[in-house]
Number of protein chains: 2
Amino acid sequence: MLTIAEGKFRNYLKQKGLKFTPERQLVLEEVFSLHKHFEVEDIFIRIRKKGNHISRATIYRTFPLLVESGLIKEAVHCQGGVRFEHIYGHEHHDHLVCLKCGKIIEFKEDRIEELQDAICKRYDFTPVEHKLGIRGYCKRCR
Amino acid sequence: MLTIAEGKFRNYLKQKGLKFTPERQLVLEEVFSLHKHFEVEDIFIRIRKKGNHISRATIYRTFPLLVESGLIKEAVHCQGGVRFEHIYGHEHHDHLVCLKCGKIIEFKEDRIEELQDAICKRYDFTPVEHKLGIRGYCKRCR
DNA sequence: TTGCAATTGAGATTTAGTTGCAAAAAGGAG
DNA sequence: CTCCTTTTTGCAACTAAATCTCAATTGCAA
Ligand SMILES: [Mn+2]
Ligand SMILES: [Mn+2]
Ligand SMILES: [Zn+2]
Ligand SMILES: [Zn+2]
């Protein structure tokens, strides 16, 4: 999984004339060692905890490259920072976000996706990505 | 329209033990004189241009009250600030956002809304609000 | 190995939004 | 109307996320 993601990242970088540096590798590895939503600060802290050195600026500069290369994307705008998630190795899905406990439930509904396509056709609009977030209260917080 | 919105706002404030001040009235009027998406800074500038005095802090403090009272809501997180829109006097809708020119197309699709309800039932989730934003390229920018 | 463009880290800067506080004012009680 | 309490205001100081600047470093292709 990581190796394939790394291959994609290397290709992307090369094709853009950019370099695969040790710092970018650290970020990539950390991002793909997680299996949930994450934000810049999470990755920063985890890399530092492992004794590796990296600056926040580098992570902030690396994330857009990971997005551009199709490996991760913005998932939800929670209170505070932007949260990211993997694309590579994960099917597209949308989110239910609990306003009380912050729990995030992922769901997939093909019929919604189809209707979205139909709407884009109706407005002669070429979709690149979409985000559907439903906020409310989960079973336990209601 | 404004008068009814003002009534709702006054009720909300009273019920919370808050006051209907001239500044809050200015914000309310300005917000409802617009008929498109807006952000805090827009309202600030428009009020100032008319020669009225108000501070940004007051507007930042008033917006959550307008949201809480059900008159406006966050529409989209564009590059930069949060954009708001009216709820009062407008039907619920979602957005297509052009990544090139920033144009926003509003759409309404009841079948998507129904499917969302079904999903919430499936996960025993009580929805409060949702936001569906499709980003891509409009007819002219493609 | 060399040269150059890309990258890095550190700290400064920007930007959106929040907060503390003293002075002002709303609005209910009397 | 006047008084009194509570809320509100403006300003400036502050915060936090993200971006930028720049000198020193490094990747990598020739
Ligand atoms: Mn997810
Ligand atoms: Mn809208
Ligand atoms: Zn919950
Ligand atoms: Zn466009």
Side-chain angles (χ1 to χ4, degrees), chain A residues 6-7 9-31 37-48 50-69 72-84, chain B residues 6-7 9-31 37-48 50-69 72-84:
Chain A
E6 187 176 309
F9 195 35
R10 281 176 181 276
N11 284 349
Y12 167 79
L13 292 172
K14 175 165 286 178
Q15 165 247 323
K16 285 268 182 177
L18 305 178
K19 295 166 182 179
F20 186 75
T21 64
E23 290 81 7
R24 287 176 181 164
Q25 184 163 33
L26 279 178
V27 174
L28 182 79
E29 281 172 5
E30 205 51 54
V31 157
H37 296 181
F38 53 92
E39 46 194 82
V40 168
E41 192 64 15
D42 298 325
I43 301 302
F44 175 71
I45 290 175
R46 291 171 62 102
I47 291 178
R48 284 283 178 103
K50 289 187 179 164
N52 295 302
H53 190 273
I54 198 166
S55 75
R56 271 189 192 80
T58 297
I59 305 183
Y60 274 109
R61 288 187 279 231
T62 303
F63 268 45
L65 301 175
L66 292 171
V67 170
E68 257 290 298
S69 62
I72 67 173
K73 68 169 181 175
E74 283 191 18
V76 270
H77 268 271
C78 290
Q79 41 349 299
V82 187
R83 307 192 69 81
F84 293 83
Chain B
E6 188 177 310
F9 194 36
R10 290 182 110 105
N11 283 348
Y12 167 80
L13 292 171
K14 175 165 288 178
Q15 165 247 321
K16 286 267 183 177
L18 305 177
K19 295 167 184 179
F20 186 75
T21 64
E23 290 80 8
R24 287 176 182 165
Q25 184 164 31
L26 278 177
V27 174
L28 182 79
E29 281 173 6
E30 207 50 55
V31 158
H37 297 179
F38 53 91
E39 47 194 78
V40 168
E41 193 64 16
D42 299 325
I43 301 301
F44 175 71
I45 291 174
R46 290 172 63 102
I47 291 178
R48 284 284 179 104
K50 289 188 179 163
N52 294 302
H53 189 272
I54 197 166
S55 75
R56 271 188 192 79
T58 297
I59 304 182
Y60 274 110
R61 287 188 279 231
T62 303
F63 267 45
L65 302 175
L66 292 171
V67 170
E68 258 289 297
S69 61
I72 67 173
K73 69 169 181 176
E74 283 192 17
V76 269
H77 268 270
C78 289
Q79 54 326 319
V82 187
R83 307 193 69 80
F84 292 83

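Letters A, B, ... mirror the listed sequences (proteins, then strands); counts begin at 1. Note that this is a predicted model, so its numbers are computed, not measured.
With the end axes of the helix from C:dT1-D:dA30 to C:dG30-D:dC1 each set by five pairs, the angle from one to the other reads 30° at 10° resolution.
Counting all heavy atoms, side chain and backbone alike, A:L26 lies closest to A:H53 at CD1-O, 4.2 Å. The two residues B:I59 and B:I43 have their closest heavy-atom pair at CD1-C, 4.3 Å. In terms of heavy atoms, B:S55 sits closest to B:F44 at C-CE1, 4.1 Å.
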What protein N or O atoms touch nucleotides 24-30 of chain D N or O atoms at under 3.5 angstrom, if any, and at what distances?
unit_1	atom_1	unit_2	atom_2	d
D:dG27	N2	A:K19	NZ	3.2
D:dG27	N3	A:K19	NZ	3.2
D:dC28	OP1	A:F20	N	3.3

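Atom CD of residue A:E29 and atom NZ of residue A:K50 lie 7.5 Å apart, to the nearest 0.5 angstrom. Distance CZ/A:F9 to CD/A:E68: 11.0 Å, rounded to 0.5 Å.
We find that CD of B:E39 is positioned 8 Å from P of C:dA16, with the value rounded to whole Å. What separates CZ of A:R56 from P of D:dA17 is a distance of 9 Å, to the nearest Å. Protein atom NZ of A:K16 is 17 Å distant from nucleotide atom C1' of C:dT7, rounded to whole Å. In this structure, CZ of A:R61 is placed 11 Å from C1' of D:dA18, rounded to the nearest angstrom. Following rounding to the nearest Å, A:F63 (CZ) and D:dA18 (P) show an atom-to-atom distance of 10 Å. Rounding to whole angstrom units, CG of residue B:L26 and P of D:dT9 are separated by 10 Å. Regarding A:I47, its CD1 atom lies at a distance of 14 Å from the C1' atom of C:dT8, rounded to whole Å. Rounded to whole Å, atom C1' of D:dT8 lies 11 Å from atom CG of B:L65.
Checking C:dT7, C:dG17, D:dT9 against every side-chain atom of A:R24, the shortest atom distance belongs to C:dT7. The B:T58 side chain lies nearest to D:dT9 when the options are D:dC11, D:dA18, D:dT9.
For the side-chain hydrogen bond (donor to acceptor under 3.5 Å, both in side chains) with A:R83, the lone residue among A:H37, A:E74, A:E39 that qualifies is A:E39.
Listed for the B:R48 side chain is a donor-acceptor partner under 3.5 Å among the backbone atoms of B:I54. With B:R24 contributing its side chain and B:K19 its backbone, the two residues share a donor-acceptor pair below 3.5 Å.
Taking the six-membered ring for Trp and thresholds of 30 and 60 degrees, A:F84 and A:F38 have nearly parallel ring planes, at less than 30 degrees apart.
When the side-chain nitrogen and oxygen atoms of B:H53 are compared with OP1 and OP2 of D:dC11, one or more of them lie within a distance under 4.0 Å. At the phosphate of D:dA18, OP1 or OP2 sits under 4.0 Å from a side-chain N or O atom of A:Y60.
Nearest-nucleotide positions on DNA chain D place B:G17 closer to the 5' end than the other of B:I54 and B:G17.
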